[in-house]
A.B. asks: 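Have a look at this one before I ask anything.
Any value given below was found using the heavy atoms of this structure, including those in side chains, with hydrogens, waters and symmetry copies removed. Quick note on labels: first sequence line is chain A, next is B, and so on, each numbered from 1.
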Amino acid sequence: MGRWCPRLRFVERQRTRTLYRAAGSLRRDTTRRATRDGFRPEPEVRPVLRMSTLFLRTLREDPADAEVASHRLLVRGGYIRRAAPGGFTWLPLGWIVYRNVERIIREEMDREGFQEVHFPALLPKDPYEASGRWADYGDNLFRLQDRKGADFLLAPTHEEMFTLLVKDLYSSYKDLPLVIYQIQTKYRDEARPRAGLLRGREFVMKDSYSFDIDDEGLQASYDKHRVAYQRTFDRLGLPYVIVSAMSGAMGGSASEEFLVPLAVGEDTYVRCSACDYAANTEAVQVQPPAPIAFDGLPAAAVMDTPDTPTIQTLVDLFNARPELRHPDREWTAADTLKNLVVKLRNPDGTSTALAIGVPGDRDVDLKRLEAQVGPAEIEPFSEEDFAANPALAKGYIGPGALGLENASGIRYLVDPRVVDGTAWITGADQPGQHVMNLVMGRDFTPDGVIEAAEVLPGDPCPRCGSAMEIARGIEMGHIFQLGRKYAEALGLTVLDENGKTRVVTMGSYGIGVSRAVAAIAEIGCDDKGLIWPREVAPADVHIVATGKPTDPQLPAAEQLAAECEAAGLRVLLDDRVGVSPGVKFNDSELLGVPTIVVVGRGLADGVVELKDRRTGGRRDVPLAEIVGLLRDA
RNA sequence: CGGGGAGUGGCGCAGCGGUAGCGUUCCUGCUUUGGGUGCAGGAGGUCGGGGGUUCGAAUCCCCCCUCCCCGACCA
């Protein structure tokens, strides 16, 4: 890393940019890339994009197979085109937008001193076999064979390759810390690709990996990414919520997701209405209530409760029968303890039964459960399984039979709300019988606690106790302290200052690049079309020439476009002849360049119309002032 | 992988045993030029694929593929 100092380079870049801008010879956000030899500016002037020759066809109607706004509008606006199940072709405008997004991400990575590399997407099986992921990844992994029958895969992420690369080249603590990243096409054989770019089987991801000697170093690398991601999403114009995520069985500790709040998103998260707590539902930790003393609690009693197969019928029965009624109030589902038995399919192919007890007013959330028991997968407990375990009375299962020490021998875990001294109505392990006043800690003792009950709106925040709300979002980024799992599996060690071998600790950090394009489109659009933030837009200004082919508007627009180009602005010029103004206006709104200039009937008075795509606001501006206005905008 | 819907010119749709249609797009000519202008002429389709039934299949039957929506999984 020695000689190359990105931080310094960045400062230098800023300075040069200011100079260029002052000279009016550089477009505002010109792309400049870091290389070992210094900064190499791209061509300083981008030629005007002319709609008369642009490889573009906008559609008058929505494509029928597109549901979400971003998919609909990106196809209709001629940005992308479906080419394969879960795969899209980028057309010229789309590719410009895509590269802008990529550039912003790259700049923010480089700014932190992270270094870019590039792996193949097509990889041999061996490293993934060594890490165990060849088996663990399951059907989502694209697998193929070469002509000799050797196994390959199309990489879904590159932890193994990064780990091996560093192992290849580095062997001393002096080489660390290190962060390297790539922007790569990734492949996942999604069961259901959908929503256009939001979830494809081929997509582009920026993934970076940090390598540190100790936990403090890992934390520092993690924090750097956190900050870099915040800056990146700000520049992309994407609102986001940072939520705690499950690091689960992956062996990591800290893990956070950057979610863009969108109803079309597939991630459910909770957010506190009072404090800044936010978490993926899988990661929500319930705050257990205080235990209750056993003194004075009535004794448990078994009751005949025929025809009560559901929680609701059970509660109704208890409220209806005088001898079962609660002395002070109506019974509710929250007074019951619901017990569910599932089968865990372990990665090694074996199965274990697991029983879960949750308050009867909520269901078991299979996603939360799976996050807790991963990498095992959940299967329903079948009729045959019930038959094989006679201690279980289906529909009347209770703590009396559950537990490693009890008749069923099935491990029994309960919700954190089930604390010592709480009394429950629950199954009595005999058909048609329930037990009431069964007290936790006195009458039964489960094998442990599990976070598997569903999270409901209004549940108390684990941090401050205020009511939480539930929202949907799309995962745009994930930062994750991997720890030593991959380094251990693949033997990545370095010598420390005492000459002792140390296993390196790692972090992995991803941003969905192609997904970001869709998310930005989704966030910004309206019923007329797309609205890009300026930095990712395909142009700074969309100049529309109206009037007959022989009118002065077209030459005036050409002239204006040339002046803008010279001033460093990126221009999209609608110079199509014989296209009516209505069509041009509609296209300009569909395409979503943030600023639109109409060279039209005001030209006779020396003015053009300046339109803001987002607000719809428009005003006449003297032709002579327009370039300055745009440049300073 | 379960449940539901659908595949017919670039796009949107109709046709549901008897010669493949409409709108839009595209091409030509005229017309129009501040919100998808009007008129006329034209181009463009292995009716998702394969098998079967039938004198005859876009249409009926079987298998497969693909797309969309809701669930189970992921940036």
A.B. asks: Using a 4.0 Å cut-off on protein heavy atoms (strictly under), produce a 5'-to-3' string for nucleotides 24-43 of chain B with B for base contact, S for backbone-only sugar-phosphate contact, and - for none.
C.D. replies: SS-------BBBBS------
A.B. asks: Nearest whole Å is fine: how far is B:rC73 C1' from A:Lys186 NZ?
C.D. replies: 19 Å
A.B. asks: Could you tell me the separation between the CD atom of A:Glu522 and the P atom of B:rA75, rounded to a whole number of Å?
C.D. replies: 20 Å
A.B. asks: Any pair with a residue in residues 79-96 of chain A that passes side chain to side chain donor-acceptor pair (under 3.5 Å), sequence neighbours left out, goes on the list, sorted by first then second residue, please.
C.D. replies: A:Tyr79-A:Trp532
A.B. asks: Scan every strand shown for a Watson-Crick or G-U wobble partner of B:rA6, both distances under 3.5 Å, and answer none if you come up empty.
C.D. replies: B:rU66
A.B. asks: Please state how far atom CZ in A:Arg133 lies from atom C1' in B:rC74, giving the value in whole angstrom units.
C.D. replies: 12 Å
A.B. asks: Round to a whole Å and report the spacing from CG of A:Leu73 to C1' of B:rC11.
C.D. replies: 15 Å
A.B. asks: Applying side chain to side chain donor-acceptor pair (under 3.5 Å), which residue pairs with at least one partner in residues 69-78 of chain A are found, sequence neighbours left out?
C.D. replies: A:Asp62-A:Arg72, A:Asp62-A:Arg76, A:Ser70-A:Glu522
A.B. asks: Once ring pair (Phe, Tyr, Trp, His ring centres under 6.0 Å) is applied, do any residues pair with A:His542, and if so which ones, sequence neighbours excluded?
C.D. replies: none
A.B. asks: Watson-Crick or G-U wobble partner for B:rC13, using a 3.5 Å limit on both distances?
C.D. replies: B:rG21
A.B. asks: Nearest nucleotide by nearest heavy atom, which residue falls closer to the 5' end of RNA chain B, A:Asp62 or A:Val204?
C.D. replies: A:Asp62
A.B. asks: Using the C1' atom as the reference point in each nucleotide, state the distance between B:rG15 and B:rC73 in Å, no decimals.
C.D. replies: 40 Å
A.B. asks: With a cut-off of 3.5 Å and sequence neighbours excluded, list every side-chain donor-acceptor pair involving residues 594-608 of chain A.
C.D. replies:
none

A.B. asks: Taking any heavy-atom pair under 4.0 Å as a contact, classify A:Asp207: base, sugar-phosphate, or nothing.
C.D. replies: nothing
A.B. asks: In Watson-Crick or G-U wobble terms, both distances under 3.5 Å, what is the partner of B:rA40?
C.D. replies: B:rU28
A.B. asks: Could you state the CD1-C1' distance from A:Ile474 to B:rC73, rounded to the nearest angstrom?
C.D. replies: 14 Å
A.B. asks: Taking atom types as modelled and ignoring hydrogens, do the side chains of A:Thr157 and A:Arg133 form a donor-acceptor contact shorter than 3.5 angstrom?
C.D. replies: yes
A.B. asks: Quantified in whole Å, what is the P atom distance between nucleotide B:rU8 and nucleotide B:rU46?
C.D. replies: 13 Å
A.B. asks: Can the ring centroids of A:Phe162 and A:Phe119 be said to lie less than 6.0 angstrom from one another?
C.D. replies: yes
A.B. asks: Tell me every residue that passes ring pair (Phe, Tyr, Trp, His ring centres under 6.0 Å) with A:Phe152, counting only those two or more places apart in sequence or in another chain.
C.D. replies: none
A.B. asks: Can you list the residues that meet the side-chain contact (heavy atoms from CB on, under 4.5 Å) rule with A:Leu456, with sequence neighbours excluded?
C.D. replies: A:Arg362, A:Glu454, A:Asp459
A.B. asks: I need the full list of ring-ring contact (aromatic ring centres under 6.0 Å, His included) pairs touching residues 573-617 of chain A, with sequence neighbours left out, sorted by first then second residue.
C.D. replies: none
A.B. asks: According to the Watson-Crick and G-U wobble definitions, with both distances under 3.5 Å, which nucleotide is paired to B:rC1?
C.D. replies: B:rG71
A.B. asks: What is the separation between atom CG on A:Asp189 and atom P on B:rA75, rounded to the nearest whole Å?
C.D. replies: 15 Å
A.B. asks: Output the rounded distance in Å from CG (A:Asp365) to P (B:rA72).
C.D. replies: 8 Å
A.B. asks: When the ring centroid of A:Tyr209 is compared with that of A:His158, is the distance short of 6.0 Å?
C.D. replies: no
A.B. asks: What distance, rounded to whole Å, do you find between the two P atoms, one in B:rC62 and one in B:rC69?
C.D. replies: 27 Å
A.B. asks: Counting primed atoms plus P, OP1 and OP2 as sugar-phosphate and everything else as base, spell out the protein contacts along nucleotides 64-70 of chain B at 4.0 Å heavy-atom distance: B, S or - for each nucleotide, 5' to 3'.
C.D. replies: --SSSBB
A.B. asks: Using whole Å, what does the distance between atom C1' of nucleotide B:rC74 and atom CG of A:Leu197 come to?
C.D. replies: 16 Å
A.B. asks: For nucleotides B:rA14 and B:rA43, find the distance between their P atoms and express it as a whole number of Å.
C.D. replies: 26 Å
A.B. asks: Between the side-chain atoms of A:Arg199 and the base atoms of B:rC73, is any donor-acceptor pair under 3.5 Å?
C.D. replies: yes
A.B. asks: When the P atoms of B:rC22 and B:rG45 are considered, how many whole Å apart are they?
C.D. replies: 15 Å
A.B. asks: What protein N or O atoms touch nucleotides 3-7 of chain B N or O atoms at under 3.5 angstrom, if any, and at what distances?
C.D. replies:
none

A.B. asks: Ring pair (Phe, Tyr, Trp, His ring centres under 6.0 Å) with A:Phe142: which residues, sequence neighbours excluded?
C.D. replies: none
A.B. asks: Among all residues two or more places apart in sequence or in another chain, which pass the ring pair (Phe, Tyr, Trp, His ring centres under 6.0 Å) test with A:Tyr128?
C.D. replies: none
A.B. asks: For atom C1', what is the distance between B:rG21 and B:rG9, given to the nearest Å?
C.D. replies: 11 Å
A.B. asks: Considering only the P atoms, how many Å lie between B:rC61 and B:rG17, rounded to the nearest integer?
C.D. replies: 11 Å
A.B. asks: Report yes or no: do A:Tyr509 and A:Ser210 form a side-chain donor-acceptor pair below 3.5 Å?
C.D. replies: yes
A.B. asks: Say you pick atom P in B:rC13 and the same atom in B:rU53; how far apart are they, in whole Å?
C.D. replies: 35 Å
